[in-house]
Amino acid sequence: MGKDTIANTITSIRNADMNGKGMVRIPSTRITENIVKILLREGFIENVRKHRESNKDFLVLTLRHRRNRKGPYKTLLNLKRVSRPGLRIYSNYQRIPRILGGIGIVIFSTSRGIMTDREARLKGIGGEIFCYIW
């Protein structure tokens, strides 16, 4: 049985966000680096840095939180894994779902790399839906 690095990454980020942690450390692979670049570019996380420890690379993410005056932290990220190793979900560019009317994003794996739903619609290509983020 193989490991699902995308689900592990999404779960680590979601758990850190729900617990009010400011930073999370995830293993670095090409797929996770591309997903984190998209999250950084779209403004869901504040900062990313690469860390090397005992011949293994890690990405250290600084999460973005909203402070509430009455309570400690309010979660900002909602992540949902769509396609998984047991059931792959594909979509062409005409049927790409819109998350909250375009507020959220869909992360795609296409023949031209990992990109958001907006980029895939502009380029007119579809692919495998990795996750929804809103």
Side-chain angles (χ1 to χ4, degrees):
M1 191 156 71
K3 297 178 184 175
D4 189 6
T5 57
I6 300 167
N8 292 341
T9 301
I10 289 172
T11 302
S12 297
I13 294 171
R14 185 185 320 118
N15 288 343
D17 187 49
M18 285 182 357
N19 289 329
K21 303 285 184 191
M23 301 179 89
V24 63
R25 188 178 86 163
I26 57 173
S28 176
T29 62
R30 281 192 321 209
I31 293 174
T32 57
E33 285 179 8
N34 289 331
I35 290 172
V36 166
K37 283 179 189 175
I38 290 174
L39 290 174
L40 183 65
R41 187 175 64 224
E42 295 289 328
F44 288 105
I45 58 176
E46 285 184 16
N47 193 10
V48 178
R49 66 182 163 89
K50 206 166 194 177
H51 179 67
R52 187 170 181 89
E53 186 175 303
S54 67
N55 294 333
K56 292 183 181 178
D57 290 331
F58 293 98
L59 295 173
V60 179
L61 310 177
T62 305
L63 300 178
R64 184 176 300 243
H65 288 287
R66 289 184 285 192
R67 285 296 255 169
N68 189 0
R69 291 182 185 167
K70 295 180 182 176
Y73 280 108
K74 204 134 181 160
T75 59
L76 179 66
L77 287 174
N78 290 312
L79 298 113
K80 181 181 178 189
R81 175 81 158 120
V82 179
S83 184
R84 51 191 171 90
L87 180 63
R88 303 287 186 188
I89 306 294
Y90 297 95
S91 176
N92 61 10
Y93 77 97
Q94 296 154 337
R95 297 189 187 272
I96 296 173
R98 292 188 189 273
I99 306 302
L100 294 177
I103 295 173
I105 63 171
V106 179
I107 296 182
F108 265 93
S109 173
T110 65
S111 59
R112 297 184 190 162
I114 297 175
M115 61 181 67
T116 64
D117 56 341
R118 291 181 208 109
E119 296 167 350
R121 279 191 200 97
L122 287 175
K123 293 182 180 179
I125 54 177
E128 181 183 355
I129 300 174
F130 278 158
C131 60
Y132 299 151
I133 303 168
W134 69 95

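Everything numeric in this text was worked out from a predicted model, so none of it was measured.
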For the pair I45 and T62, evaluate side chain to side chain contact (heavy atoms under 4.5 Å, CB included) and give the outcome as yes or no after the intermediate values.
CA-CA 6 Å; I45 58 176; T62 305; over 6 Å; no

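- For the pair E33 and K50, the salt-bridge criterion is met [side-chain N within less than 4.0 Å of a carboxylate O].
- From M18, atom CE reaches atom OG1 of T11 across 10.0 Å, with rounding to the nearest 0.5 Å.
- R49 meets the side-chain hydrogen bond (donor to acceptor under 3.5 Å, both in side chains) test with no other residue; sequence neighbours excluded.
- Pairing each heavy atom of I105 with each of I99, the nearest pair is O-CG1, 4.1 Å.
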Problem set entry | Pair M23-L63, side chain to side chain contact (heavy atoms under 4.5 Å, CB included): steps then yes or no | CA-CA 6 Å; M23 301 179 89; L63 300 178; over 6 Å; no

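- Atom-to-atom distance recorded for T9:OG1 and I31:CD1 is 9.0 Å, nearest 0.5 angstrom.
- L40 and W134 fall into different hydrophobic clusters, where Ile, Leu, Val, Met, Phe, Trp and Tyr residues are linked whenever their side-chain heavy atoms come under 4.5 Å apart, directly or through other members.
- In the hydrophobic clustering of this structure, L79 groups with V24; members are Ile, Leu, Val, Met, Phe, Trp, Tyr whose side-chain heavy atoms approach within less than 4.5 Å, directly or through other members.
- Shortest non-hydrogen contact noted between D117 and P97 is OD2-O, 4.0 Å.
- In this structure, I13 is not a member of the same hydrophobic cluster as Y132, with clusters built from ILVMFWY side-chain heavy atoms closer than 4.5 Å.
- In this structure, R121 fails the cation-pi test against Y93, since its NZ or CZ atom is not both closer than 6.0 Å to the six-membered ring centre and inside 45 degrees of the ring normal.
- Checking side-chain atoms of D57 against main-chain N and O of S28 turns up no donor-acceptor pair under 3.5 Å.
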Margin query: The test is side chain to side chain contact (heavy atoms under 4.5 Å, CB included); show your working for Y90 and S83 and say whether it passes.
Written below: CA-CA 8 Å; Y90 297 95; S83 184; over 6 Å; no

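- Taken to the nearest 0.5 Å, the CD1 atom of I89 stands 4.0 Å off from the CG atom of L87.
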Report the C-alpha distance between E119 and T116 in whole Å, list the side-chain angles of each, state the deciding distance to 0.1 Å, and finish with yes or no for side chain to side chain contact (heavy atoms under 4.5 Å, CB included).
CA-CA 5 Å; E119 296 167 350; T116 64; 3.5 Å; yes

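- Counting only distance, with no hydrogens or angles, the side chain of E42 and the backbone of L39 share no donor-acceptor pair below 3.5 Å.
- Residues V82 and I103 share a single hydrophobic cluster, defined by chaining ILVMFWY side chains whose heavy atoms lie under 4.5 Å apart.
- For N34 (side chain) and R30 (main-chain N/O), a donor-acceptor pair under 3.5 Å exists by modelled atom type.
- Shortest non-hydrogen contact noted between L77 and D17 is N-OD2, 3.1 Å.
- Under a 3.5 Å cut-off, the side chain of R118 and the backbone N or O of G102 do form a donor-acceptor pair.
- With respect to the salt-bridge test (charged N to carboxylate O, under 4.0 angstrom), the residues E53 and R25 qualify.
- Here I10 contributes atom CD1 and K80 contributes atom NZ; the two are 11.5 Å apart, rounded to the nearest 0.5 Å.
- Atom-to-atom distance recorded for N78:CG and F44:CZ is 9.0 Å, nearest 0.5 angstrom.
- In this structure, E128 CD and S111 OG are separated by 13.0 Å, a value rounded to the nearest 0.5 Å.
- Closest non-hydrogen pair, S12 versus I26, comes out as CB-CG2, 3.9 Å.
- Closest approach of R81 to C131, counting heavy atoms only: CA-CB, 4.2 Å.
- Summarising the local packing, CZ of R98 is surrounded by 12 or fewer heavy atoms from other residues, nucleotides or ligands at distances under 6.0 Å.
- Residue F130 comes nearest to I6 through the heavy atom pair CE2-CD1, 3.5 Å, listed as atom of the first residue, atom of the second, then distance.
- For the residue pair T29 and T32, a side-chain donor N or O sits within less than 3.5 Å of a side-chain acceptor on the partner.
- Side chain of R64 to main chain of G43: a donor-acceptor pair is present (N/O by atom type, distance under 3.5 Å, no hydrogens or angles).
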